[in-house]
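Side chains included, hydrogens not; waters and symmetry mates left out as well; all remaining heavy atoms used. Chain letters run A, B, ... following the sequence lines, proteins first and then strands; every chain starts at 1.
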There are 2 protein chains.
Amino acid sequence: MSQETPPRKPATVQDVAQAAGVSKATAARALGQYGAVSTSVRARVVAAAEALGYRPNEMARSMSTGRSGTIGVIVGDIENPYFGLAVRGISDGARALGFNVILANSAEDSAEERMTVEVLARKQIDGLIVAPAAAGDVVHLRDYARPLVLMDRTVAALAVDTVVMDDASAAAEATSLLLDAGHRRIAYLTATKLAGAHTEIDISTVANRIAGFARAMQAAGIGDPWAQVHFGVTPRGDGQGVIRALLARDDRPTAVLASDSLIALEVLRATKALGLTIPGDLSLVSFHDADWTSAVTPAVTVLAQPAYALGQAAVGMLIERIEGLIAPPRRVELPMRLIVRESVARIDLSASIKP
Amino acid sequence: MSQETPPRKPATVQDVAQAAGVSKATAARALGQYGAVSTSVRARVVAAAEALGYRPNEMARSMSTGRSGTIGVIVGDIENPYFGLAVRGISDGARALGFNVILANSAEDSAEERMTVEVLARKQIDGLIVAPAAAGDVVHLRDYARPLVLMDRTVAALAVDTVVMDDASAAAEATSLLLDAGHRRIAYLTATKLAGAHTEIDISTVANRIAGFARAMQAAGIGDPWAQVHFGVTPRGDGQGVIRALLARDDRPTAVLASDSLIALEVLRATKALGLTIPGDLSLVSFHDADWTSAVTPAVTVLAQPAYALGQAAVGMLIERIEGLIAPPRRVELPMRLIVRESVARIDLSASIKP
DNA sequence: CACAAAACTGAGACCGGTCTCAATAGCTAA
DNA sequence: TTAGCTATTGAGACCGGTCTCAGTTTTGTG
C-alpha cells in the first residue's frame, strides 16, 4: 500500500464519493462522522478514502461550520519564561480540548497588539486570550466581539473573564521577608517603562506589585517607598546600566526585589561585573521560579508563580465561552508561593552599612 | 465612529457591495487589491467597507487561492531554549515574509510527530519545518508531499533542504579545550535515550557530536571514549540520578560536556547537592549559550549556537520553495562558536586525581 | 469622426467541506 | 395488504472569498 503513487492533487470528498459509487453527500457523512449512513456504505466509503489517501480539508470544514477550532494568544514577551510557561499551559489545555493555538507577540505595545488582534480575527479564531499591554488602550479588545479572556492582567473597562495572580500580597510578602531580615534600603526593579507624560502605570500586575511593596514598606515605617521603585530595567535595553548605576551609589540598596527572572539575571550580571557578592553585599528576591534559580549558587529566593496553571485556567474559561457558556464575567486569582533559598542575608540593624 | 453598534453578523464582501451599490465581484476587487477598479468606485467601496466594519475572511480567501499563508513547525521540545530561539527565528522570518506559524511539539516521539504532520496537513499549511525525532522513521515526512525543510537534524533518506550546525567539529573543539586543560576523564552527557534493542543513534545531531567528541578523545590517545558517553540525562526524567551516580564514582570525570543548557543546569544542581564546586571539582562546558550561563558564577564556558539564524535560514529556504523555487536540495551548515568563560579549570597532568 | 484597444464591471463558477430537504426504500402495525 | 414510519441516500444551496469570461464604457488614434 505504501508503494502506490500518491495522487498529484489531493483527493476530495467528491473523489472518494465517485470511487465508492455514492453521492458526495453520503461520502461526506461517512467521512465526517455525522448524519446516518448504513454500515455497508460506510465501509465502502472508508475503504475508498483509504485507497485514495483522502485527507479532510480542515479549512473547508471550518468554512462551512463557522468554527476554526483555533484560538489566538497574545502576550507581551514570549521570551519571558513566565509567559512561556503560561503559553505552554494554554497549548496543552487547548490540545486536550481539541483546539489549536496561534501565538503572537505584542512587544508590550498597544498599537502592535491592535494590529495583531486584527490579523487573528481575520484568521477566524474562535476566541482570544490576551495579556493586554496597556489597560488604557483597549478599544480593539472591546471591538473584538468574540470570546475573550484576559490573562495575568486585568482591565477595569473590560468586563470579561480574567485570570490573574495575587500580585499585591505576594509582593508584600517578599518585601516583608526582606524587611524581617533587617533590610531597609530595598529597591524594586521592573521592566515596565513609565510612558512619557503621564506617570500612571498601565499594567495592573505592575501596579499591584508596587502597591504591595509600598504597603509593606510603609507598614515598616519606611517613608516614600516609591522612590525605591526603578522602571525600565529591560534586559535588552538599558537595564544593565540602571542596575549598575543603582549599585554604585553610596546609599545603594542592600536588597532588591526583581519583578521577573530576566531582571534577576541582570542583577546577577551587574553584581558580577561590580565584584559584589550575593547575598553578602546584596540580597535578592525574584518573581518567577525560573529553572536556573534553584540550580545556581547561591540559589535564588523566589516567588513561584503558577504560570502553567494560569494558562490552563485561561484556556479553560475561554473554551467554555466558545462552547456557549452564558454567565457573568468570572475572575480567578492564583496564589504565588514564596520559596526561601539562599539569596537573602540577615542584616544587623544596629550596624551601619558601609558605603 | 466608535459608538456605532458593530453588526451582529460580520460584514462580507456581498454586504459591502450592496452598500456601495456595485457587484460582489467589483467590491471584492476593490477590497482584495487585485483586478482593475476605477478610483471612484474603489473609494465608494472602501468607504462602505469602513462603515460596515468589514474584515476580510482569510479562511475564505485561502479556500479559493489554495494558499493558507501558514507554515507548520515541529520540534521535539519547545521547552529547550535552543529550540525556543530557533522557533523565534522562524516566527520573525515568517512574519517578515507574510506568513504565520503554527507550532507543535513532538516530544521527540516519531508517532507523535506523524500525527502532528497529519493534523498540520489537514489545516492546509503551505509548508513544514521539522526537527525530526528519528531519522529512521520518516515515511510520514516523505508522504507529506509539499515544501519541507529539515532543521537541526539531517535525514539521509530525505532529499530536502536542510539547515544544521557543525556539531561534530564543535564537539571536537570543546573536547580539545578540556583535553588541553589537562582533563582525561571527560564525560559527554546527552538527553537522548538509546532505544531498546538497537543501539543506533537516530538523531544526526547527537551522532555527530558524539563522533566529534570521540574523535578528539582518540586523537589524544584516550581509549574507548564511547564509554564516557551517558544517555538519557533528561531534566524531567532521571537525569539528576544519572549525574549524581556518575559524580559519586571513585573515578568520576573531572570534566563534563553537556549537550544542552538544560543538562548543564542539572549538572549544576548535582554538584550543588553533592557539595562539589565548579570548576574546582568539576569542569563544565555546555552546548548553547543560554542567558543564565553568562550571568552566574562561575560563568559557564559554552558552544554558542546561532539558533535564531538557524530558524531564519530554515524559514527562508522553505518560503522560497513555497514561492515555487525549483532547485536541488540545499544544505546549510551553521558554525558554532566556543565562548570561554570560567567553568573550566586546568588540571595538573602529573598529579593523580584524588578519588 | 469612426473604430480598435484598453479599462471597467457584472454574472456566475469554484474551492471542499456541511447541512437542509425531499425522495426512495424497507419495515412495522393495523 | 396498506398506511405510517424510519433509515438511507441524493441534489443542491451555502460559507466568503477569488477568478474567468463576456459585455459595456472609455480612451486613444488615424
For DNA chain C, determine which residues of residues 55-65 of chain B have any heavy atom closer than 4.0 angstrom to one of its atoms, and list them numerically. B:M63, B:S64
Polar-atom pairs under 3.5 Å, protein N or O versus N or O of nucleotides 7-10 of chain D: list them with distances, or write none.
from, atom 1, to, atom 2, distance (Å)
D:dT9, OP1, A:S38, OG, 2.9
D:dT9, OP2, A:S38, N, 2.9
D:dT9, OP2, A:S38, OG, 3.4
D:dG10, OP2, A:S23, N, 2.9
D:dG10, OP2, A:S23, OG, 3.1
D:dG10, OP2, A:T26, OG1, 2.7
D:dG10, N7, A:R29, NH2, 2.8
D:dG10, O6, A:R29, NH1, 3.4

Between B:R88 and B:A307, is there a donor-acceptor pair closer than 3.5 Å when you use the side chain of the first and the backbone of the second? no
Regarding B:D152 and B:T205, do their side chains bring together a donor and an acceptor under 3.5 Å, going by distance alone? yes
Tell me which donor-acceptor pairs under 3.5 Å the side chains of residues 27-46 of chain B have, and how far apart each pair is, sequence neighbours excluded?
from, atom 1, to, atom 2, distance (Å)
B:S38, OG, B:S40, OG, 3.4
B:S38, OG, B:V41, N, 3.4
B:R44, NH1, B:A20, O, 2.6

Short side-chain to backbone donor-acceptor contact, B:T162 and B:V160, under 3.5 Å: yes
Ignoring hydrogens and geometry beyond distance, is a side-chain donor-acceptor pair present between B:H140 and B:E113 at under 3.5 Å? yes
Side-chain heavy atoms of B:I125 within contact of B:Y144, under 4.5 Å: yes
Measure across A:T154 and A:S204 and return the closest heavy-atom pair with its distance rounded to 0.1 Å. N-OG, 2.8 Å
Five-pair end axes of the helix from C:dC1-D:dG30 to C:dA30-D:dT1, angle between them (10°): 40°
For A:R146, all residues meeting side chain to side chain donor-acceptor pair (under 3.5 Å), sequence neighbours excluded: none
Reading DNA chain C 5' to 3', which nucleotide is the first, and which the last, to come under 4.0 Å of any heavy atom in chain A? C:dG16 to C:dT20
A:I129 CD1 to A:M151 CE distance, which is reported to the nearest 0.5 Å: 6.5 Å
Is it the case that B:D92 and B:Y308 place a side-chain donor and acceptor less than 3.5 Å from each other? yes
Distance from B:S68 atom OG to B:M63 atom CE, nearest 0.5 Å? 11.0 Å
Heavy-atom side-chain proximity of B:D15 to B:Y54 below 4.5 angstrom: no
